[in-house]
Amino acid sequence: MTERLKLHNDGGRTRDVAEAGQPGEDEFRVDIERIRFSPFFSRLAAVTQVIPQAGSGTVIHNRLTHSLKVSAVARSIAITLNNSDERTQTLLSELGGCDPVVVQAAAAAHDLGHPPFGHLGEKELDRVARTVLHLPDGFEGNAQTFRILTALDSCDATARGLNLTRAVKAAVLKYPWARSDWTQQQRLSSAEMPRGVGDEVSQGAMKFSAYMPEIAEMHDALSAFPRIGGYQQTLECSVMDVADDIAYAVHDLDDFYRSNVLQYTSVSAEMGRWLSDCRELGRLDNAELDRRRPGHALESMWRHIQEKDPWIADEDAFRQSVQRVNRDLVEGLLAVPYDGGLEADRAVTAFTRRWIDRLKASIVVDDEPHVRSGHVRLSDATWHDVVVLKFVHSRFVLERSDLAVYQRGQTRIIASLVEGFHEWLRDPDEATRIPRRLLDSVEAATQEYRELYDRDPDSLGEEGASAIIRLGRARAVVDYIASFTDAQAMSVNALITGASEEPWEAGRGL
C-alpha cells in the first residue's frame, strides 16, 4: 500500500477546505446533512437492493430504505459501545473514537456508488469497464461511493466533492486499499488476505475503496487514525459494516417473506436434511455434493467458510446456528404463509426485532483483529448466525431461475449503455449533440488523470501521458451510467438503441 500522507492528529474533524461554521455547529452533523441532501442519496429510492420492486408494491426494500435502516442500526451500536465498560471505552478512545453521527453518515453514504440493478449491475459494469473501456481499476461500488463524496458531488465550499471531514471519509472505506494493491500477493491464500480481496488477485482486488485518482485522498483520510493498522477499517467504519451485515441478513428476509419469494417447503427440506444427515454429508467428497439434493448446498457452504475463515469457523457453533435459524425462521415464521393480514405483519415484525436485537447485543471490540475481521465485529456465535441467514438469501432467492432470467436481461442493458455512449464520444461529428452532463464529466475526469500523471508519471503505466484522454473518457462513461436509476437505465438504453417511441420524455434525464 502507498505510504500514508502526513498524520492529522485532530480526531478526523478537519476538512480539505476550511469552512466557517455556525457557532456550536457539529462538524459531523454538517456531513450527514450534506449526504442526505445529495441527489445521489435521493437516487437510491429507485435503485434495486436485492430483488426488483416491480410488482411487489412497498414491501421490498430499495437502496434508500436499506441505507436508512443500516444508519439506525449503526447508531444504536455506536451508542451502546460508548456506554459500555471502562476497558471498552478506553480501547475505543485509543483507536480513534466511535462517534454515533459519523457512523450514521457512513451508513447513509455506504451505497451511494451502487449502479442500476443491484450487485449484478455492479459486476457487469466492472466487466465492461475493464474489457471494453480498458480501465485498469474498472468499477466497484465502494470505490464509486468514495468518488462521489470526494469528486462527483459538490457543495458551497468546493465544486468537486462534499468537503467532508476525514473521519466520515475514512468511515466509508470498507475496503481500504486500491484494486492494484494485491496483485503481488499470489502466494497468500484467501484465508490470509482481508475479506473482499477475493481469490484471483492477479487482476487486483475484487473489492476496494478507491480508484487511481482518489488513492491519495483515501490515504489522507486514513492518516487521521494512526492507531488503525494497514488494511483495517476505522472503528466507525467497522460499526457501519457490521450494521450493513445485520440489516442485509434480517431486513431482506423480511422482504422475501412478505413478497412470498421465500417458500417454506424448499428451505425446510434443505435445513432439515442437513441437520439430520450432516455427519453422513461430511464424509462425502466435494465432487459428490449435488446442490440439487436437500442438505448438499448447506454442506458445501459450510466447507467454503471453513476454508475462507478458519480463524472463527466452528462446527458446533455452525450447527447451533442452523438449528436456531431453522427453529425461528423456517419452522416459526415461514411455516405460516404471509397473507397480508395484521397477524402476519406482527409475526414478521416480531421476528425482525428479535433478531436485530440479538445481533446488536453481541458486538465484540478487538484490539488486534484478525486480517479478515475488524476492530468491531459480531460475536463468534452470531457471526455463524449471519452466515446461515445469508445462505438462505443466496440459495433460495438469488439462485432462483426466474430472477436469473430477469437479471441476465439487465446485464445486457449495462453493456449496451457502456458501448453506446463510448462510441458516441468517439464520433467527432456528434460532439455538439452529446449530453452536457456527460461532456462535463469527461472534462473533469480527464483533468483528474492529467493531475495524477503530473504527480506520478508511472501511475498510468506504459501508455503514460497518451492514456490521459482515453482514461478520462472511459471513467466519465462509467460515472454517467452508474448514476442512473434502474428505470432510467432501461429508458436511456431504449433511446440509444433506437427502440424508444417517446424520445422527448425518456431523454429528459440525460
Side-chain angles (χ1 to χ4, degrees), residues 35-71 107-126 128-129 139-149 151-154 162 248 252 255 259 403 406-422 424 434-438 440-441 475-497 499-510:
I35 292 167
R36 287 174 174 172
F37 277 85
S38 166
F40 289 92
F41 184 69
S42 302
R43 163 189 168 271
L44 296 179
V47 178
T48 296
Q49 165 66 8
V50 177
I51 57 178
Q53 287 185 300
S56 300
T58 59
V59 301
I60 298 297
H61 284 85
N62 53 52
R63 288 281 171 191
L64 180 61
T65 55
H66 166 73
S67 296
L68 293 173
K69 291 187 176 182
V70 174
S71 186
H110 85 283
D111 269 353
L112 291 180
H114 270 286
F117 313 135
H119 286 290
L120 192 83
E122 181 179 16
K123 289 180 181 179
E124 180 64 6
L125 189 51
D126 178 49
V128 292
F139 176 86
E140 208 284 319
N142 294 278
Q144 192 71 16
T145 290
F146 194 66
R147 179 163 171 77
I148 287 169
L149 298 176
L152 301 185
D153 211 341
S154 61
L162 293 179
Y248 175 76
D252 287 359
D255 285 352
S259 60
L403 180 61
Y406 184 69
Q407 289 178 327
R408 286 184 67 83
Q410 291 176 327
T411 64
R412 293 179 181 273
I413 292 174
I414 293 289
S416 173
L417 287 169
V418 169
E419 293 164 2
F421 281 110
H422 185 231
W424 196 1
I434 296 171
R436 183 68 195 184
R437 184 160 63 92
L438 178 56
D440 287 346
S441 186
R475 180 56 66 195
V477 168
V478 170
D479 288 340
Y480 190 60
I481 293 168
S483 72
F484 289 167
T485 65
D486 291 11
Q488 189 178 17
M490 289 187 281
S491 65
V492 172
N493 183 63
L495 282 174
I496 206 166
T497 58
S500 177
E501 296 180 357
E502 298 180 339
W504 310 117
E505 184 68 27
R508 285 182 178 179
L510 293 174

- Message: Taking Ser483's backbone N and O only, do any of them form a donor-acceptor pair with Arg43's side chain (distance below 3.5 Å, no angle check)?
- Response: yes

- Message: Tell me the closest heavy-atom pair linking Ile496 and Gly420, and the distance in Å.
- Response: CD1-C, 3.5 Å

- Does the Ser441 side chain pair with the main chain of Arg437, one donor and one acceptor, at a distance under 3.5 Å? no

- Query: Would you say the side-chain atoms of Arg63 pair up with the backbone N or O of Leu112, donor to acceptor, closer than 3.5 Å?
  - Reply: no

- Query: Looking only at atom types and distance, does a side-chain atom of Thr497 sit under 3.5 Å from a main-chain N or O of Asn493, one as donor and one as acceptor?
  - Reply: yes

- Message: Under the criterion side-chain contact (heavy atoms from CB on, under 4.5 Å), I'd like the reasoning laid out for Leu149 against Ile35: C-alpha separation, chi angles, the key distance, then a yes or no.
- Response: CA-CA 8 Å; Leu149 298 176; Ile35 292 167; 4.2 Å; yes

- Task: Could you label the plane-to-plane angle of the Trp424 and Phe421 rings as parallel, tilted or perpendicular, counting under 30° as parallel and over 60° as perpendicular?
- Result: parallel

- Task: Nearest 0.5 Å please: distance from the CZ atom of Phe41 over to the CG atom of Leu68.
- Result: 4.5 Å

- Side-chain donor/acceptor of His110 to backbone N/O of Ala107, under 3.5 Å: yes

- Task: Look up atom NE2 in His114 and atom CG in Asn62, then write down how far apart they are to the nearest 0.5 Å.
- Result: 13.0 Å

- Query: Is there a side-chain contact between Asp479 and Gln144, using heavy atoms and a 4.5 Å cut-off?
  - Reply: yes

- Pairwise distance CZ(Phe40) to CG(Asp153) - rounded to 0.5 angstrom: 5.5 Å

- Query: Is a donor on one side and an acceptor on the other found under 3.5 Å between the side chain of Glu122 and the backbone of Gly141?
  - Reply: yes

- Asp111 and Thr145 have their tightest heavy-atom pair at C-OG1, 4.1 Å

- Heavy-atom closest pair (Ser67 atom, Leu44 atom, distance to 0.1 Å) is OG-CD1, 3.9 Å

- Task: Show your working on side-chain contact (heavy atoms from CB on, under 4.5 Å) between Gln410 and Met490 and close with a plain yes or no.
- Result: CA-CA 8 Å; Gln410 291 176 327; Met490 289 187 281; 5.7 Å; no

- Query: Under the criterion side chain to side chain contact (heavy atoms under 4.5 Å, CB included), which of Val418, Val128, Ile413 is the partner of Ile481?
  - Reply: Val418

- Message: Nearest 0.5 angstrom please: Phe117 CZ to Thr485 OG1, how far?
- Response: 8.5 Å

- Message: Let me confirm one number: the CD-CG distance from Glu124 to Leu417, rounded to the nearest 0.5 Å.
- Response: 10.5 Å

- Item | Side-chain donor/acceptor of Asp486 to backbone N/O of Pro116, under 3.5 Å | no

- Nearest-0.5 Å distance, CG of residue Leu64 to NZ of residue Lys69: 11.5 Å

- Would you call Pro115 and Val478 a side-chain contact if the rule is heavy atoms closer than 4.5 Å? no

- Walk me through it: do Glu419 and His422 pass the test side chain to side chain donor-acceptor pair (under 3.5 Å)? CA-CA 5 Å; Glu419 293 164 2; His422 185 231; over 6 Å; no

